[in-house]
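Reading through the structure tokens given below for one structure.
Side chains included, hydrogens not; waters and symmetry mates left out as well; all remaining heavy atoms used. Chain naming here is simple, since letters A, B, ... match the order of the sequence lines and numbering starts at 1 in each.
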Protein chains: 2
Amino acid sequence: MTRIPAPERRAALIEAALRVISRNGIAQATTRAIVAEAGMSLASFHYAFDSRDELIDELIEAVIEHARHAIMPDELPEGTLVEVLEAGIIRYFEHLKADPEHEQAMLELTQYALRSPDRHPQARAQYARYVELAERSLEVAAERTGSQWTVPIARVARVLVAFTDGLTLTWLVDRDDDASLAVANAAAVALSRMAEPR
Amino acid sequence: MTRIPAPERRAALIEAALRVISRNGIAQATTRAIVAEAGMSLASFHYAFDSRDELIDELIEAVIEHARHAIMPDELPEGTLVEVLEAGIIRYFEHLKADPEHEQAMLELTQYALRSPDRHPQARAQYARYVELAERSLEVAAERTGSQWTVPIARVARVLVAFTDGLTLTWLVDRDDDASLAVANAAAVALSRMAEPR
DNA sequence: AAGCGACTGGGACGGGTGACCCAGTTGGAA
DNA sequence: TTCCAACTGGGTCACCCGTCCCAGTCGCTT
């Protein structure tokens with residue numbers, strides 16, 4: 001095995017851990033499985049990290065950092081607010097379909113964090129980040145369609161996150177594309193009611 | 001320890017397992033933890049069940065069987081369709097707040113089932129049950145408010161399940177009651193758009 | 001070119017897991 | 001009242017887990 005400085009190894013291990021969790025679930029993300037995925041020995045793991053817990057902590061921080069691509073596209077389609085919102089949600093849905101295991105991993109990570117008091121703040125931070133991204137997209141959507149939000153945008157964003165979460169969870173279970181498109185449309189309709197023409 | 005026939009023991013163990021999962025998460029639901037919760041010995045466990053897997057299987061079946069109380073109340077408030085829908089979702093939300101750990105356990109069970117091909121059908125069945133319950137409530141709501149669904153009711157129900165799931169997941173993370181009420185309202189508005197006066 | 005510190009591999013440890021076994025005990029049918 | 005099958009307790013198994021240790025090796029700096 002070639003020699004790799006510890007910081008790079010940490011990054012490589014975090015990536016490997018994420019791959020393992022995506023493929024097999026967090027329960028299977030043992031130090032041995034992670035190390036095998038990264039092609040390292042156990043000693044390298046404990047040289048880079050004090051403990052598995054520390055790896056998981058950093059993993060969550062990392063996924064918060066480069067969280068899912070903004071829920072809305074950069075280049076927005078033309079149209080009414082509802083249409084733009086729906087297009088944005090559908091774009092997220094396409095992203096979900098392209099890599100379902102990743103979103104499933106995110107969900108598991110959240111549930112995992114929720115189970116220990118020490119990590120609960122991390123779950124909150126993860127969702128705060130989602131809301132922040134949603135907020136930014138909603139701002140753009142309103143601006144482009146000549147609308148303005150009549151409800152605090154943070155609140156609108158929080159609702160959007162709830163809707164996309166529900167879309168994700170239910171789709172992961174039944175993989176019903178049509179139903180999810182209906183959810184996307186209904187969500188867009190609901191959100192558009194929180195804005196008015198400017 | 002008093003003697004208990006195997007079928008009763010199975011039931012007692014399933015209940016104990018659900019309590020353990022609610023309290024500590026599915027990862028902590030080891031045979032020993034379950035047995036301790038039920039006040040039994042390990043031998044009694046393996047007398048009643050062939051394996052831990054079998055217990056989990058039956059546990060999921062059991063929760064599907066007596067799934068969460070209908071999402072909507074039996075006695076509906078007076079009002080428009082939107083109001084009735086919103087009241088129903090809020091009722092579910094109250095139920096969630098009263099026993100968050102139970103809903104968290106349900107979520108974990110779903111995620112768990114999703115991770116093994118053998119159990120995926122169980123997750124589907126769980127959600128099919130949710131949709132069925134939602135459907136029944138939506139029927140009543142439309143009838144009482146003199147409305148009729150313009151979209152197949154199964155589809156409306158599926159959207160409702162997605163919305164309540166999103167509400168649940170996000171609330172479990174940030175425990176923001178006001179935000180969840182906003183979600184409930186937005187969901188009710190969106191759903192009401194799928195019906196017309198009769 | 002020498003030497004030191006960063007890094008590696010392999011093996012080992014204690015602890016927890018699911019499963020199992022078997023010698024006992026007890027309730028209820030005969 | 002007898003006795004057998006249903007049930008129990010406790011001990012044990014092999015396995016996997018996270019962690020640790022230590023003897024070796026490689027690359028940088030001087």
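The stretch residues 16-26 of chain A does not touch DNA chain D, since none of its heavy atoms comes less than 4.0 Å from the strand.
Contact between the side-chain N/O atoms of S51(A) and the OP1/OP2 oxygens of dG18(D) is not found at any separation under 4.0 Å. Side-chain nitrogen and oxygen atoms of H46(A) include at least one within less than 4.0 Å of the OP1 or OP2 phosphate oxygen of dT19(D).
For the pair E8(A) CD and dC7(C) C1', the computed distance is 13 Å after rounding to whole Å. As rounded to whole Å, 8 Å separates atom P of dA19(C) from atom CZ of R52(B). Regarding I56(A), its CD1 atom lies at a distance of 10 Å from the P atom of dT19(D), rounded to whole Å. Spacing between atom CG of L55(A) and atom C1' of dG18(D) amounts to 12 Å, rounded to whole angstrom units. As rounded to whole Å, 15 Å separates atom P of dC21(D) from atom OH of Y47(A). Put simply, CE on M40(A) is 16 Å from P on dG18(D), counting in whole angstrom units. Whole-Å rounding puts the F49(B) CZ to dA19(C) P distance at 12 Å. The nearest whole Å value for the distance from the CZ atom in F45(A) to the P atom in dG18(D) is 8 Å.
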Under 3.5 Å, which protein N or O atoms sit close to an N or O of nucleotides 23-25 of chain C? Give each pair with its distance.
unit_1	atom_1	unit_2	atom_2	d
dT25(C)	O2	R3(B)	NH1	3.3

Which pairs, protein N/O on one side and nucleotides 10-15 of chain C N/O on the other, fall under 3.5 Å?
none

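For residues 182-191 of chain A, there are no salt bridge (Lys or Arg N to Asp or Glu O under 4.0 Å) pairs, not counting sequence neighbours. Applying the salt bridge (Lys or Arg N to Asp or Glu O under 4.0 Å) rule to pairs touching residues 27-39 of chain B yields R19(B)-E37(B), R23(B)-E37(B), sequence neighbours excluded.
Other members of the hydrophobic cluster containing V189(B), listed by chain and number, are V82(B); membership follows side-chain contacts under 4.5 Å among ILVMFWY residues, whether direct or relayed.
Partners of D177(A) by salt bridge (charged side-chain N to carboxylate O under 4.0 Å, His left out), not counting sequence neighbours, listed by chain and number: K97(A). In this structure, the salt bridge (charged side-chain N to carboxylate O under 4.0 Å, His left out) partners of R129(A), at least two apart in sequence or on a different chain, are E132(A). Checked against side chain to side chain donor-acceptor pair (under 3.5 Å), E101(B) has no partners two or more places apart in sequence or in another chain. For D53(B), the salt bridge (charged side-chain N to carboxylate O under 4.0 Å, His left out) partners at least two apart in sequence or on another chain are R119(B). E143(A) meets the side chain to side chain donor-acceptor pair (under 3.5 Å) test with no other residue; sequence neighbours excluded.
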Report the C-alpha separation of R144(A) and E78(A) in whole Å, then their side-chain angles, then the decisive distance to 0.1 Å, and conclude whether the side chain to side chain contact (heavy atoms under 4.5 Å, CB included) test is met. CA-CA 8 Å; R144(A) 298 285 182 84; E78(A) 296 300 311; over 6 Å; no
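Under 3.5 Å, the side chains of Y130(A) and Q126(A) contain a donor-acceptor pair of N or O atoms.
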Let me have the donor-acceptor pairs involving side chains of residues 156-163 of chain B, under 3.5 Å, with sequence neighbours excluded, atom names and distances please.
unit_1	atom_1	unit_2	atom_2	d
R158(B)	NE	D174(A)	OD2	2.6
R158(B)	NH1	T170(A)	OG1	3.2
R158(B)	NH2	D174(A)	OD1	3.0
R158(B)	NH2	D174(A)	OD2	3.2

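Of all nucleotides listed (dG9(C), dG18(C), dA6(C)), dG9(C) comes nearest to the side chain of S44(A).
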